[in-house]
Amino acid sequence: MRDTAFFLLFVAAMPFVFLMPHLGVLVWTWFSVANLHRELWGFATLIQFNSIIAAITLLAYIVSPERKIIPMTMHTALLALLGIWMVLSTAFAITPDYSQELLSRNIKTLILLVFAMLLINSRTRIHALVAVLCVALGYWGTKGGLFAVGSAGQYRIYGPDHSPIYDNNHLALALVMVIPLFFYLRMHTENIWVRRAILLVTFLSFAAVIASYSRGAYLALGALLFALWWRSPRKILPTALAGILAVASVFVIPQTVWERFNTVSSVDRALEDASFQERLEVWAASIAIARDRPLFGAGFSATEVPSVYIQYSPGTTEDKGRAVHSIYFQVLADLGFAGFIIYFLLILYGFIYTFGIINQTRDRPEDRWAYDLARMLQISMFVFLVGGAGLSMAYYDAFLLIVLLTGNTYRVVKRERVAPEIQKHQRVAMPQGA
């Protein structure tokens, strides 16, 4: 029954996607980020929903009156270059067959980003994409938070099966990353009940992160709280609130969570942790791979192949591969030093665009939405980079969409500022009495 209802809703949405191709990007994002179809158990699990949405969105875009010109920006160039590097890295990979499946998944993400860059080109559409990201991850934050509260945090929370956020660590970092966007959505929502619902989802997402037992997410959460405090014009209230939460957490957070906190409470404790020691080993192997293959790296997730890992980590005593557990060393091993530069230039320009938006809209009340969004996008990217230092999530689609949104918002703000000036000059140039 659940499969049938889900499938019928999907079919009902497709005509609207064909009429308005930007809806295809929103639905596509929903399926890619929320992964609700992973909750199904019947015939619908065999349907390639994302492939169908992609095909219909492409067809709708071709026949629509939407502009067919790709915006020429640094994000455009870097995104194209990143795609080329992924293909070349897989072609020259140590184990190309193993990397091929991951290449297919990541290229699909890049195609989604291209469509988002083409079609999410107005304030309304940008706001809609932010809302989709919030609802998609907010569902798992709400579900995980309710489970955490109901079980008093005694069990870890997980995401949807066979998805990028199934792992408790990955889900927790995704939730921390999206929380700033909850704040943006609440600031620019007029309906009081919707604002209250967003606030509730935010608190439940915090609870879900705590119940994830993810040390990387705890670090990201600390970075988030610091960034929100730093950005706040009135620091007394958030400081007092943080103090109240800290005192309350002593009585609410279970002992098992405090034990996880303690493993990263000092450098000595972290160095003594066996898991951290393993990460140091695989990071060293990633550096060795990049030095040996600086141009294209070893291919996607090469360190997970036992023969590759043993080759570049000769001191290991186990015949098995290991995940990198760091977006930095992940990209370094996968794509080499050259691919590493391309990937992080893409993110760097995301920050550059947000600073450009803030500078252009600081004293323009009509552009307050862009000013607030840019600040929250900055925080989202920052906390992901902090938490991602200990997780293999470099190609996570929601994060890359957030990076891309910075460029989209910058172009919209720039266009809205230029348009009134053009109209003003046109009026001045018109002859008297015209």
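The model shown is predicted, which means the values in this text are computed figures rather than measured ones.
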Under 3.5 Å, side chain of Asn408 to main-chain N/O of Ile120, donor-acceptor pair present? yes
How long is the span from the CG atom in Leu405 to the CG atom in Leu113, to the nearest 0.5 Å? 10.0 Å
Tell me the closest heavy-atom pair linking Asn169 and Arg215, and the distance in Å. OD1-N, 4.5 Å
Among Ile310, Asp97, Thr95, side chain to side chain contact (heavy atoms under 4.5 Å, CB included) partner for Val305: Thr95
Would a distance-only check, ignoring hydrogens and angles, find a side-chain to backbone donor-acceptor pair under 3.5 Å from Asn168 to Ile157? no
Indicate whether the side chain of Thr73 and that of Thr76 have a donor and an acceptor atom separated by less than 3.5 Å. yes
Taking the side chain from Thr406 and the backbone from Val403, do they hold a donor-acceptor pair closer than 3.5 Å? yes
So, does Asn106 use its side chain to make a donor-acceptor pair with the main chain of Leu102 at under 3.5 Å? yes
Ignoring hydrogens and angles, tell me if any N or O in the side chain of Ser99 forms a donor-acceptor pair with the backbone of Pro96 under 3.5 Å. no
When the ring centroid of Tyr328 is compared with that of Phe340, is the distance short of 6.0 Å? no
Can you list the residues that meet the side-chain contact (heavy atoms from CB on, under 4.5 Å) rule with Leu81, with sequence neighbours excluded? Trp85, Ile342
Enclosure of Phe351 CZ (heavy-atom neighbours >12, cutoff 6.0 Å): yes
Do Val324 and Trp283 pass the side-chain contact (heavy atoms from CB on, under 4.5 Å) test, and can you show the C-alpha distance, the side-chain angles, and the key distance before you say yes or no? CA-CA 7 Å; Val324 177; Trp283 293 349; 4.0 Å; yes
Which heavy atom of Thr189 sits nearest to which heavy atom of Ile198, and what is that distance? OG1-CD1, 4.1 Å
Are any side-chain N or O atoms of Ser89 and backbone N or O atoms of Met86, one a donor and one an acceptor, separated by less than 3.5 Å? no
Would you say the side-chain atoms of Arg125 pair up with the backbone N or O of Leu119, donor to acceptor, closer than 3.5 Å? yes
Do any N or O atoms from the side chain of Asn35 and from the backbone of Ser32 form a donor-acceptor pair under 3.5 angstrom? yes
Between His188 and Tyr184, is the ring centroid distance below 6.0 Å? yes
So CE of Met376 and CZ of Phe183: to nearest 0.5 Å the spacing works out to 8.0 Å
For the pair Ile52 and Trp28, evaluate side-chain contact (heavy atoms from CB on, under 4.5 Å) and give the outcome as yes or no after the intermediate values. CA-CA 9 Å; Ile52 296 172; Trp28 193 350; over 6 Å; no
Examine distances only and state if a side-chain atom of Tyr218 and a backbone atom of Ile210 form a donor-acceptor pair shorter than 3.5 Å. yes
Distance, nearest 0.5 Å, that separates OG1 of Thr29 from CG of Leu112: 4.5 Å
Taking every non-hydrogen atom, the tightest pair across Val331 and Ala394: CG2-CB, 3.6 Å
For residues Thr409 and Leu373, report the shortest heavy-atom separation together with the two atoms involved. OG1-CD2, 3.7 Å
Using the test side-chain hydrogen bond (donor to acceptor under 3.5 Å, both in side chains), find all partners of Thr124 that sit at least two apart in sequence or belong to another chain. none
Looking only at non-hydrogen atoms, find the nearest pair between Ala302 and Val308 and report the distance. O-CB, 3.3 Å
Test ring pair (Phe, Tyr, Trp, His ring centres under 6.0 Å) on Tyr353 and His75 and set out the steps. CA-CA 10 Å; Tyr353 283 134; His75 267 175; 4.9 Å; yes
Identify the two heavy atoms, one from Ser286 and one from Thr303, that lie closest to each other, and give their separation to 0.1 Å. OG-CG2, 4.2 Å
No-hydrogen, no-angle side-chain donor-acceptor test under 3.5 Å, Tyr395 and Gln330: no
More than 12 heavy atoms of other residues, nucleotides or ligands under 6.0 Å from OH of Tyr349: yes or no? no
Does Arg291, at its CZ atom, have more than 12 non-hydrogen atoms belonging to other residues, nucleotides or ligands within less than 6.0 Å? no
Can you find a heavy atom in the side chain of Leu224 that is under 4.5 Å from one in the side chain of Pro180? yes
Out of curiosity, Leu78 CG to Tyr343 OH, how far, rounded to the nearest 0.5 Å? 12.5 Å
Has Arg411 got a side-chain atom pairing as donor or acceptor with Asn121's backbone, closer than 3.5 angstrom? no
Sorted by chain and number, sequence neighbours left out, side-chain hydrogen bond (donor to acceptor under 3.5 Å, both in side chains) with Arg368 holds for Asp372
